[in-house]
Each structure stands twice: as structure tokens, then as C-alpha cells.
Chemist: 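Starting off with a structure, shown below.
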Amino acid sequence: MDHKPKLKTLIASTRPGRVGPLVGAWFREMAEAHGDFSHELVDIADLGLPLFDEPEHPRLQRYAHAHTKAWSRIIEDADALVFVTPEYNHAPPPSLVNALAYLSKEWGDKAAGIVSYGGISGGLRAAQALKLMLCALRMQIANDAVSIPMIGEKIDDHGRLVLEPAAHDAARRMLAEVGRLARRTARGQS
Ligand SMILES: Cc1cc2nc3c(=O)[nH]c(=O)nc-3n(C[C@H](O)[C@H](O)[C@H](O)COP(=O)(O)O)c2cc1C
């Protein structure tokens, strides 16, 4: 790969009042400071994806709908993806599961990292469940991950997300691993 890998960070939650964009903005700063990637933040809420409505299996890529074609282009264009996901009922939010189901080959062989958040568990159960889905989609998942417990307590009176140094360290480690995986995958394909 002679260019910087293109990393896209996906904000998974879509509900009104969500904290996902705050976590996504924090991770964007980490990714841009890391310097190994060109980086883009993608908010699943902006895509306006309905509940999965493609008639054919996504691996055939015979998409019927403009929203699927647009989503496919966004993911096809990435070398690596980071999923910023909350935990809902010990699982990833339905908005993310839905967005994953829309595509198939586009995810394949891409490096992936996970930033999870929630209550005391830091979204770890959602992250584990998400890993199974990403494995099924043939993604190369970084072992290093970011997990943010008690997210509600980390937002100050000005609405800013304030995270401890351990979260910053975890993000840097994960970015380094995602970068290594992205370069290895690119070598395998060339
Ligand atoms: C439907 C729903 C289910 C939730 N289930 C869990 C859970 O199982 N574990 C947990 O730690 N937090 C849970 N939470 C708390 C969320 O992690 C917390 O509200 C977080 O801010 C949600 O992310 P969002 O603001 O980006 O939507 C749940 C929240 C919602 C709305």
C-alpha cells in the first residue's frame, strides 16, 4: 500500500439524544493524531437506511435501492473500519446490525477495530457479539480494543466527553494494530 490506509469510523447508534457522536468525535481526534491513516467519520444515522429491504443476498451485489448502493460505496472505499458502538441489551444496537446486514463482500478482508461503551461493562458484551458478526463477514479484527465504562458519568457540565488516559492509550494501541492489519491485508491482495 503506497498511500495511507483509509480508516472510516462508524458511529453505530442512531437514537435522538445519543452519545455516539461524542465518542465518535473523540476517536476521530485520536485517529487524526495517530497519523498513519487518512480518516473519515461516518454516522450511520445520516444514511437513512430502512430496515433491511434488499430482495437478494448482498453477496450478489445486485442492489435494488439507492440507499444500499450509497452505503456500499462508502464501505468499499475504506481500507479499515472502527465501530463505535454502545451496548443495548448486551448486544450491538439494531442500527448497526441492520447496517452490517446490507452488505457482504464490501466488509471482507478489511481491518476492524471496536470502541464500545455502556454501563459498568463498558459495552464488552456488545463488542464480543459484534466480533462474531464481523468474523462472519470475514473482517480482520484487532485484538486491542477500547472499552468505556459508565459513559454517562464521563460527560461534563458543558456536554464534553472527558476520558481517562487509559482510554487514550487503548485507542493508540488499537490504531497501531488496525494499521498493521490493514497493511498486511493490502500486501496479501497485491
Ligand atoms: C435500549 C437500551 C438498552 C441498553 N442496554 C444496556 C446494556 O445491556 N448494557 C449497558 O451497559 N448499557 C445499556 N444501555 C445503556 C447505554 O449503553 C447508554 O444509554 C449509552 O449511552 C447508549 O449509547 P447511545 O447514547 O449512543 O445510544 C442501554 C440503553 C438503551 C437505550
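Counting convention: from 1, in listed order, for ligands and their atoms alike. Each residue takes its place number in the sequence, starting with 1. Just the heavy atoms: all of them, side chains too, but no hydrogens, waters or symmetry mates, feed the values below.
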Chemist: Give yes if a backbone or side-chain nitrogen or oxygen of G20 is under 3.5 Å from a nitrogen or oxygen of ligand 1, and no if not.
Modeler: yes

Chemist: So does R18 pair up with D43, basic N to acidic O under 4.0 Å?
Modeler: yes

Chemist: Looking at R125, which atoms of ligand 1 are within less than 4.0 Å of one of its heavy atoms?
Modeler: 9 (N)

Chemist: Give the residue and atom name of whichever protein heavy atom lies nearest to atom 31 (C) of ligand 1, and the separation in Å to one decimal.
Modeler: Y88 CE2, 4.0 Å

Chemist: Of all the heavy-atom pairs spanning P86 and A12, show the shortest one and how long it is.
Modeler: CD-CB, 4.3 Å

Chemist: Which ligand 1 atoms does P86 reach within 4.0 Å, using its non-hydrogen atoms?
Modeler: 22 (C), 23 (O)

Chemist: Which protein heavy atom lies closest to atom 6 (C) of ligand 1, and at what distance to 0.1 Å?
Modeler: E87 O, 3.1 Å

Chemist: Does atom 18 (C) of ligand 1 have a protein heavy-atom neighbour under 4.0 Å away?
Modeler: no

Chemist: Walk me through it: do Q140 and T185 pass the test side chain to side chain donor-acceptor pair (under 3.5 Å)?
Modeler: CA-CA 8 Å; Q140 307 290 318; T185 306; 5.2 Å; no

Chemist: Any idea which protein heavy atom is nearest atom 21 (O) of ligand 1, and the distance to it?
Modeler: V19 CG2, 3.6 Å

Chemist: If you measure every N or O of I120 against every N or O of ligand 1, does any of those distances drop under 3.5 Å?
Modeler: no

Chemist: For the residue pair E106 / S72, report whether a side-chain donor-acceptor contact shorter than 3.5 Å exists.
Modeler: yes

Chemist: Considering only heavy atoms of R15, which atoms of ligand 1 have at least one such atom less than 4.0 Å away?
Modeler: 21 (O), 24 (P), 25 (O), 27 (O)

Chemist: Which atoms of ligand 1 are found less than 4.0 Å from any heavy atom of G118?
Modeler: 11 (O), 17 (O)

Chemist: Is K105 paired with E76 through a side-chain N to carboxylate O contact shorter than 4.0 Å?
Modeler: no

Chemist: How are the rings of W26 and H168 set relative to one another: parallel (under 30°), tilted (30 to 60°) or perpendicular (over 60°)?
Modeler: perpendicular

Chemist: For atom 11 (O) of ligand 1, which protein heavy atom lies nearest, and how many Å away is it?
Modeler: G119 N, 2.7 Å

Chemist: So which heavy atom on A112 is nearest to which on L134, and how close?
Modeler: CB-CD1, 4.2 Å

Chemist: Less than 3.5 Å apart, any donor N or O on the side chain of T9 or H39 sitting next to an acceptor on the other?
Modeler: yes

Chemist: Can you list the ligand 1 atoms lying under 4.0 Å from a non-hydrogen atom of S121?
Modeler: 11 (O)

Chemist: For ligand 1, which is the ligand I care about here, please tell me if I151 has any N or O atom under 3.5 Å from one of the ligand's N or O atoms.
Modeler: no

Chemist: Closer than 4.0 angstrom, basic N to acidic O: yes or no for D77 and K6?
Modeler: yes

Chemist: Geometry only, no angles: is N89 polar-contacting ligand 1 at N/O separations under 3.5 Å?
Modeler: yes

